[in-house]
Amino acid sequence: MRISVTIFLTDETITPTRLARELEARGFAGLYLPEHTHIPVERVTPYPAGGDLPREYGRTLDPFVALGQAAAVTERLGLGTGITLVAQHDPIDLAKQIATLDHLSGGRFTLGLGFGWNVEEAADHGVEWRTRRELVRDRMALMQALWADEPTAYEGEFGSVRASHAFPKPVQRRTLVGGAAGPKLFSHICEYADGWLPIGGRGLTESLPVLRTAWADAGRDPAALQVVPYAVFPNPGKLAHYADLGIEEVVVQLPPAGEGEVLKALDEYARYVGGGGGEV
């Protein structure tokens, strides 16, 4: 099993370059970064985990800039977002960012995408909350048109692009969708993604067979489905359970802290990482 990490990198934490070097040296498989452009002070959206919104949410580094730095100082470390808020981006610009990062890193990028939870943040980007899932679906189709091997036009409900020359192309085009289990989420995964990023990894015994059935019903190759439990606090029993479910990668949570605390956490997680590029 590959062990990757996620962390809220901010202006107060360990730097992307320092962390990336340490992860690769220790055999971790990848680094996934979250995204929040800003957190409006006046908001009514409750924090999904309950209580006050942690400080790091309003200080998060841009994931593509930070992952670009990580790519430049590593050779094997996987790079991903967890998650990119696609609805808050111009899809033509985002397609270029993704393709460039994947190209320059030699195909190491995974697009983890989601629909967001902060209504006020999304509203400042002009996002209509009730249609955000359909907006993301539309923008993914537009980006895939730009990534096609031949110039391909796209006309959608929310946007369009002419048949265009758009290089570089992503090398691997790996896409995972985050969100809570349910028919709507699973239909999105089956339509335009390679798998699921279930936050926390709870309830997979019940939900994974449902997703696998939906995947097969959509005509997708059963062996191609990727499920990557995300922001997990690991223990041996939990990881063994994931392995029994056929899961091949887990993303564990690091604290949004300075160098000393983060490296201590890596030392604690190192027992789950074998010598073969993050294998356990």
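We number each residue from 1, following the sequence as shown. Predicted model only: the values in this text are computed from it and were never measured.
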Heavy-atom pair of closest approach, residues [X] and [Y]:
X: Leu33; Y: Ile7; answer: CD2-O, 3.5 Å
X: Gly107; Y: Val171; answer: CA-CB, 3.5 Å
X: Ala95; Y: Trp147; answer: O-NE1, 3.2 Å
X: Tyr242; Y: Gly200; answer: OH-O, 3.6 Å
X: Ile3; Y: Leu239; answer: CD1-CD1, 4.3 Å
X: Ala145; Y: Tyr154; answer: CB-CB, 3.8 Å

Quick one: do [X] and [Y] end up in the same hydrophobic cluster if we chain Ile, Leu, Val, Met, Phe, Trp and Tyr together by side-chain heavy atoms under 4.5 Å apart?
X: Leu204; Y: Val210; answer: yes
X: Met1; Y: Val252; answer: yes
X: Phe115; Y: Val127; answer: no
X: Leu254; Y: Leu77; answer: yes
X: Val273; Y: Phe233; answer: yes

When you measure from the side chain of [X] to the backbone N and O of [Y], does any donor-acceptor pair fall under 3.5 Å?
X: Thr84; Y: Thr81; answer: no
X: Arg108; Y: Gly30; answer: no
X: Asp194; Y: Ala224; answer: no
X: Trp196; Y: Ile189; answer: no
X: Arg132; Y: Val119; answer: no
X: Glu35; Y: Leu85; answer: yes
X: Trp215; Y: Gly195; answer: no
X: Thr152; Y: Glu150; answer: yes
X: Ser207; Y: Gly203; answer: yes
X: Ser164; Y: Arg162; answer: yes

Intermediate values then yes/no, side-chain contact (heavy atoms from CB on, under 4.5 Å), Leu142 and Ile92: CA-CA 8 Å; Leu142 190 154; Ile92 299 174; 3.9 Å; yes
Do [X] and [Y] have side-chain heavy atoms sitting under 4.5 Å apart?
X: Arg26; Y: Asp267; answer: yes
X: Leu197; Y: Val177; answer: no
X: Val65; Y: Leu61; answer: no
X: Leu111; Y: Met140; answer: yes
X: Lys169; Y: Phe167; answer: yes
X: Pro234; Y: Val250; answer: no
X: Arg43; Y: Ile39; answer: yes
X: Leu9; Y: Glu56; answer: no

Are side-chain N/O atoms of [X] and [Y] paired as donor and acceptor at under 3.5 Å?
X: Tyr57; Y: Asn118; value: no
X: Tyr192; Y: Thr175; value: no
X: Glu121; Y: His38; value: no

Proximity of Phe28 and Tyr269 rings by center, below 6.0 Å: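 Aromatic pair excluded; centres sit 6.0 Å or further apart.
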Near-ring test His103/Phe109, centroid separation under 6.0 angstrom: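 Between Phe109 and His103, the centre distance exceeds or equals 6.0 Å.
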Verdict with supporting geometry, Leu67 and Leu101, side-chain contact (heavy atoms from CB on, under 4.5 Å): CA-CA 8 Å; Leu67 290 170; Leu101 179 55; 3.9 Å; yes
Got a second to check how far [X]'s [atom1] is from [Y]'s [atom2], nearest 0.5 Å?
X: His36; Y: Thr10; atom1: NE2; atom2: OG1; value: 13.0 Å
X: Leu23; Y: Leu19; atom1: CG; atom2: CG; value: 4.0 Å
X: Lys96; Y: Leu94; atom1: NZ; atom2: CG; value: 12.5 Å
X: Thr60; Y: Phe8; atom1: OG1; atom2: CZ; value: 5.5 Å
X: Glu24; Y: Leu31; atom1: CD; atom2: CG; value: 11.5 Å
X: Gln253; Y: Tyr32; atom1: CD; atom2: OH; value: 13.5 Å

Parallel, tilted or perpendicular: ring planes of His89 versus Phe64, cut at 30 and 60 degrees: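 It falls in the perpendicular class, over 60°.
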Hey, is [X] close enough to [Y] for a salt bridge, meaning N to O under 4.0 Å?
X: Asp11; Y: Arg59; result: yes
X: Arg173; Y: Asp149; result: yes
X: Glu12; Y: Arg55; result: yes

Stepwise side-chain contact (heavy atoms from CB on, under 4.5 Å) check, Leu245 with His241: CA-CA 6 Å; Leu245 292 174; His241 175 60; 3.6 Å; yes
Exceeds 12 heavy-atom contacts within 6.0 angstrom, atom CG of Asp52: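 No.
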Steps toward side-chain contact (heavy atoms from CB on, under 4.5 Å) verdict (Arg220, Leu225): CA-CA 8 Å; Arg220 305 290 300 270; Leu225 176 63; over 6 Å; no
Criterion side chain to side chain contact (heavy atoms under 4.5 Å, CB included) against Phe158, the qualifying member of Arg137, Arg139, Glu134: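 Option passing the side chain to side chain contact (heavy atoms under 4.5 Å, CB included) with Phe158: Glu134.
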Salt bridge (Lys or Arg N to Asp or Glu O under 4.0 Å) assessment of Glu249 paired with Arg2: CA-CA 4 Å; Glu249 181 182 5; Arg2 302 188 303 277; 3.2 Å; yes
